[in-house]
Amino acid sequence: MLRSGPLLAFFGLTALAGLIAMRIWTLPMIEAAGLPMLDVRMGGYTPDEVRAFLASLGAEGRAAYLGPQRVLDTLMPVALTAALGLLIYRLVARWSWWIGAALALVPLVYFAFDMLENAQVAVILRAPAPSDTMAETASRYTVAKAEALRAAVAVALVALAARAGERALGRGRKKGKGPMAFTVAIDGPAAAGKGTIARAVAAHFGFAYLDTGLLYRAVGAKVTEGADPLEAAQALRAEDLNAEGLRTQAVAEAASRVAVNPQVRAALVDFQRAFAARAGGAVLDGRDIGTVICPEAQAKLFVTASPEVRAERRYLELVEGGHEATREAVLDDVKARDARDSERATAPLRPADDAVVIDTSEMSIKEAVAAAIGAVEARGAKA
Ligand SMILES: Nc1ncnc2c1ncn2[C@@H]1O[C@H](COP(=O)(O)OP(=O)(O)O)[C@@H](O)[C@H]1O
Ligand SMILES: Nc1ccn([C@@H]2O[C@H](COP(=O)(O)OP(=O)(O)O)[C@@H](O)[C@H]2O)c(=O)n1
């Protein structure tokens, strides 16, 4: 990227040098009789005021106005426009480059009016008897130049203030909360290995872990017992996540049904965000952590595997847990949940744009965990 700092300093200093040169060299000649030159009358001037000024202008002042002053009054605006434009672009492009580029054009408007003003003043200085129209046109350019310059300076000041505010907030956050919050967002379809990876990542970095699927499972379980989904979500407490029987296929199915409800999802957002923001780091796994719950997460992983591999893993897990299951039924269930999770309107399952995708179909648990830890380290987490 172009380093704009030295350029900004160069243009800023050149503009300042131009102003100083005018103040000590050309202005004393032009304003020898005590009347301010036309360019500095930011509120404009009447034809009579122009005539009075011309009458007060000696031969030396007129030559200076048309000669060195014109040169200085071209170089200085070029440097000032470049400095203001660069400053505005540098400050605003951090948030949006195209808004930065658009606002950087405001100083160009000032420049255009300044050049028109110079040309019109030269017309007046050369005319044997300048007409009212000539004077009025020059005055309009001077007023427009002054307003455009004020607007450009205002844009630069607002951008500087916004940047200073952002920095102050960042410092406050670091001071107030001890260790910075580091969030790892892990999303992916059922039985891809999210929980296995999330627990290992949390243990490796010393972060806290939240299985957000448990929130939906806890709400789903209450709904199968007859509760209203939204009321169940609003009344959810941390201890509900330890309830018995949340790992069954029936509860997973109920969870994926309540998870389609936008109001249920909204009711669970604050709990998840508060967990993600805890000092000392947090790992959350689910379906929408990197896209909706923590779009600012420092590390995002999307863990996936083929439906057949995932169904086999879930089948073995269920059988080992003493549950009744058939491979076909588990595969059907996995596919049905995949479809519901991916096709729902609110927070559908999809990788965040900046997520690292880990396909665990052909990976052992060890390999999958190593890949995840490597990706989280690459985003700046330290064990
Ligand atoms: N890479 C892997 N290879 C083999 N089995 C895995 C792998 N990752 C996870 N498993 C197993 O698959 C099952 C589902 O994993 P889990 O982490 O609970 O998935 P999820 O949280 O995505 O539903 C568990 O029994 C787990 O031990
Ligand atoms: N962040 C989340 C987590 C789970 N869910 C829903 O909750 C269901 C159960 O999630 P889970 O993570 O416990 O499911 P498994 O991947 O462990 O099978 C999923 O099928 C999703 O429909 C969700 O919508 N958003």
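Whatever order the structure lists ligands and atoms in, that order sets their numbers, starting from 1. If you read the sequence from its start, that first residue is 1, and numbering goes on from there.
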Side chain or backbone, does Ala190 bring an N or O within less than 3.5 Å of an N or O on ligand 1? no

Does Arg314 reach ligand 1 with a nitrogen or oxygen that is under 3.5 Å from one of the ligand's nitrogen or oxygen atoms? yes

Determine whether any heavy atom of Gly188 lies closer than 4.0 Å to an atom of ligand 1. no

Check whether more than 12 heavy atoms from other residues, nucleotides or ligands sit under 6.0 Å from atom CD of Glu239, and answer yes or no. yes

Does a side-chain heavy-atom distance below 4.5 Å link Leu349 with Phe302? yes

Are Glu317 and Arg313 ion-paired here, with the side-chain N under 4.0 Å from a carboxylate O? no

Run down the list Arg310, Met363, Arg313 and name the one with the heavy atom closest to atom 5 (N) of ligand 1. Arg313

Atom of Pro229, atom of Val219 and distance for their closest heavy-atom approach: O-CG1, 3.8 Å

Within the supplied structure, the quantity of interest is the number of heavy atoms (other residues, nucleotides, ligands) at a distance under 6.0 Å from Glu308 CD; does it exceed 12? yes

Mind checking what makes side-chain hydrogen bond (donor to acceptor under 3.5 Å, both in side chains) contact with Arg51, not counting sequence neighbours? Asp48, Asp132

List the protein residues in contact with ligand 2, where contact means a heavy-atom separation under 4.0 angstrom. Ala190, Ala191, Lys194, Thr212, Gly213, Tyr216, Arg217, Ala255, Ser256, Ala259, Arg265, Gly286, Arg287, Asp288, Arg314, Arg337, Asp341, Arg344

Checking Arg327 against Glu312 for the salt bridge (charged side-chain N to carboxylate O under 4.0 Å, His left out) test, could you report, in this order, the C-alpha distance in whole Å, the side-chain angles of both residues, the deciding distance, and whether it holds? CA-CA 7 Å; Arg327 288 193 158 83; Glu312 181 64 16; 2.8 Å; yes

Quick one: nearest non-hydrogen protein atom to atom 19 (O) of ligand 1, plus distance? Gly193 N, 3.1 Å

So, regarding Ala191 and ligand 1 (criterion: nitrogen or oxygen to nitrogen or oxygen, under 3.5 Å), is there a contact or not? yes

For ligand 1, the portion of Ser364 having any non-hydrogen atom under 4.0 Å away: backbone

Cluster partners of Val109, using ILVMFWY side-chain heavy atoms under 4.5 angstrom, listed by chain and number? Phe113, Leu116, Tyr141

When you measure from atom 25 (O) of ligand 1 to every protein heavy atom, which one gives the shortest distance, and what is it? Glu317 OE2, 3.4 Å

Exercise: identify the closest heavy-atom pair between Ala156 and Leu91: O-CD1, 4.1 Å

State whether the shortest distance between N or O atoms of Thr196 and N or O atoms of ligand 1 falls below 3.5 angstrom. yes

Please list the nearest protein heavy atom to atom 27 (O) of ligand 1 with its residue and the distance rounded to 0.1 Å. Ile365 CD1, 3.8 Å

Contacts satisfying salt bridge (charged side-chain N to carboxylate O under 4.0 Å, His left out) that involve residues 195-218 (not counting sequence neighbours) are Asp211-Arg247

Which of the numbered atoms in ligand 1 are under 4.0 angstrom from any heavy atom belonging to Gly195? 17 (O), 20 (P), 21 (O)

For Pro189, the ligand 1 atoms with a heavy-atom partner under 4.0 Å come out as 22 (O)

